[in-house]
Amino acid sequence: MEKPALFSLHRIVSALKSLTTPAILCAVTMAAILVAAPAAFAQSNGRAPVYLAGSGNAALDQHIQKLLEENLESENDLIPISDEQAALTQDGPIVTLGPRAFSRIRQINRKAPVLALLVEPDFLQGFVRRSPEQVSGVYHGAPLLRQALIGKAILPQATRIALISTTDTAELYDTLIDQLPAYKLEARLFVVDDDKQLIPTLIRALSYGDFLLAAPDNAIYNPRTIKHVLLTAYRRNRIVIGPSQAYVKAGSLASGYAPFPAMAEMAAGYLQTFFETGAFPPPGYPSQSRVEINEQVARSLNIPLDTREQIAQAVEKWLQEQRGQGDE
């Protein structure tokens, strides 16, 4: 049901056509009040407003809103807004849920500071480079190093990882390739120049690696290609790790992901930093991570699996050991 305060602009314009001049002035005043209502509410109680642009999935939006409210506590008012209201917002940052919500907000209000949730690095990084400190995000997957170590936990004998990218997305793997030797792993990047080369390049990559590590790279891993990638890998008895929970359901063997409470906690910290300094920290992943696995795929490939918790614990142990060595 549409809320009374969320009149769309085209309805207001239609109504104005039938009004006299005094009535028009009154209607315009009322419309301005309705559009500005969230900001007026937030300012009247002395708390700084934080606006929320939803994904369109009501259950998901309400769940994340509740988590954010719990983490913000009494510091801020979290106020869901329509696109019309977002276009006029000037007194607070906007939290967006998902890439569509982020794109909408950037189109209608380029001056608003935006904190993006439920997005991946390949989507957000360009916006961050163009608007540093005013655009940031909390990623909902897991860092590539964690994903690689999930593969190692599942295949303890693995030493080589296959990676595939386009020329434009190769930089996604730069940091990972430098990190892997500390964990007795190495990786090789195979670059795809066009769609016709995807499967031949994938076959070469699979002949090198003990498993394929998939980054959140929509140019390579998307609904159009993922079936072909997975079938090609499993026909060659190779598993695919990543890039997200959704792809585990599609047939990847496993993937790390950030739980919603961890994302909300991190987002609240970013918002607090913004109110204190006027700038967001750089985008990043929550420190907490969980593991999703596809047991049916594991059975099909005759791969014994530990529990999700055991795999996550093994990954965390390796990371902590490496941090300890770095502190020495």
Side-chain angles (χ1 to χ4, degrees), residues 120-122 125 139-165 169-191 202 204-217 220-221 229 233-234 236-245 247-248 252-259 262 266 282-295 297-298 301-328:
E120 295 287 2
D122 67 328
Q125 284 175 349
Y139 299 137
H140 76 297
L144 281 177
L145 178 59
R146 283 185 178 270
Q147 300 278 39
L149 294 178
I150 289 171
K152 178 179 173 67
I154 293 172
L155 297 177
Q157 77 282 6
T159 58
R160 300 196 298 186
I161 301 173
L163 312 169
I164 296 181
S165 77
T169 60
E171 65 178 352
L172 288 172
Y173 296 100
D174 278 352
T175 300
L176 172 71
I177 293 172
D178 293 335
Q179 293 171 323
L180 289 176
Y183 300 90
K184 298 181 180 180
L185 293 169
E186 60 182 83
R188 181 177 171 186
L189 181 63
F190 296 80
V191 177
L202 173 61
R204 292 198 302 274
L206 295 172
S207 68
Y208 164 84
D210 297 309
F211 64 89
L212 176 68
L213 178 62
D217 176 2
I220 298 292
Y221 304 103
V229 170
Y234 295 147
R236 285 158 179 79
N237 204 36
R238 292 290 187 268
I239 67 171
V240 179
I241 302 296
S244 68
Q245 282 178 284
Y247 286 99
V248 174
S252 292
L253 181 59
S255 182
Y257 68 96
M266 185 171 175
Y285 292 95
S287 58
Q288 299 179 41
S289 182
R290 295 179 183 170
V291 177
E292 185 75 17
I293 57 177
N294 189 318
E295 296 179 355
V297 170
L301 295 175
N302 294 317
I303 297 175
L305 281 180
D306 289 334
T307 66
R308 295 170 175 82
E309 292 74 18
Q310 289 171 325
I311 294 171
Q313 288 170 4
V315 171
E316 193 59 39
K317 178 183 177 182
W318 289 325
L319 291 170
Q320 289 179 357
E321 288 175 350
Q322 192 59 35
R323 293 189 199 106
Q325 293 178 14
D327 294 338
E328 293 177 357

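- The two residues L172 and P216 have their closest heavy-atom pair at CD1-O, 4.3 Å.
- Among residues two or more places apart in sequence or in another chain, the salt bridge (Lys or Arg N to Asp or Glu O under 4.0 Å) test is passed with E316 by R146, R323.
- For the pair D306 (side chain) and I311 (backbone), a donor-acceptor distance under 3.5 Å is absent.
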Y221/I164 under side chain to side chain contact (heavy atoms under 4.5 Å, CB included): CA gap, chis, key distance, verdict: CA-CA 10 Å; Y221 304 103; I164 296 181; 4.1 Å; yes

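- How far CD of Q313 is from CZ of R308: 14.0 Å, rounded to the nearest 0.5 Å.
- Of the inter-residue distances, the one linking L301 atom CG with I239 atom CD1 reads 8.0 Å to the nearest 0.5 angstrom.
- Closest heavy-atom contact between L149 and W318: O-CZ3, 3.4 Å.
- Under the rule for a salt bridge (Lys or Arg N to Asp or Glu O under 4.0 Å), R238 has no partner lying at least two apart in sequence or in another chain.
- A pairwise comparison of heavy atoms in V248 and A254 identifies CG2-C, 3.6 Å as the closest pair.
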Run the side chain to side chain contact (heavy atoms under 4.5 Å, CB included) test on I161 and L176 for me, step by step, so that the C-alpha distance in whole Å, both residues' side-chain angles and the decisive distance to 0.1 Å come before the verdict. CA-CA 11 Å; I161 301 173; L176 172 71; 5.9 Å; no

Kindly determine whether T175 and L144 satisfy side chain to side chain contact (heavy atoms under 4.5 Å, CB included), including the steps that lead there. CA-CA 9 Å; T175 300; L144 281 177; over 6 Å; no

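- With rounding to the nearest 0.5 Å, the separation of OH in Y247 from CD in E292 is 15.5 Å.
- Distance check, rounded to the nearest 0.5 Å: CG of D210 to OG1 of T159 gives 5.0 Å.
- Judged by distance alone, the side chain of S252 and the main-chain N or O of G242 form a donor-acceptor pair under 3.5 Å.
- Under the 4.5 Å side-chain criterion, counting only non-hydrogen atoms from C-beta, V297 is not in contact with V240.
- The CG atom of L189 sits 4.0 Å away from the OG atom of S165 when rounded to the nearest 0.5 Å.
- Between the CD atom of Q179 and the CG atom of D174 there is a distance of 11.0 Å, given to the nearest 0.5 Å.
- Listed for the Q147 side chain is a donor-acceptor partner under 3.5 Å among the backbone atoms of G256.
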Walk me through whether I154 and I241 qualify under side chain to side chain contact (heavy atoms under 4.5 Å, CB included). CA-CA 10 Å; I154 293 172; I241 302 296; 4.2 Å; yes

Distance-only donor-acceptor hits, side chain of residues 180-187, under 3.5 Å, sequence neighbours excluded:
{"unit_1": "E186", "atom_1": "OE2", "unit_2": "Y208", "atom_2": "OH", "d": "3.2"}

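- In this structure, A148 and F211 approach most closely via the heavy-atom pair O-CZ, 3.6 Å.
- For the residue pair I150 and V315, the shortest heavy atom distance occurs at N-CG2, 3.7 Å.
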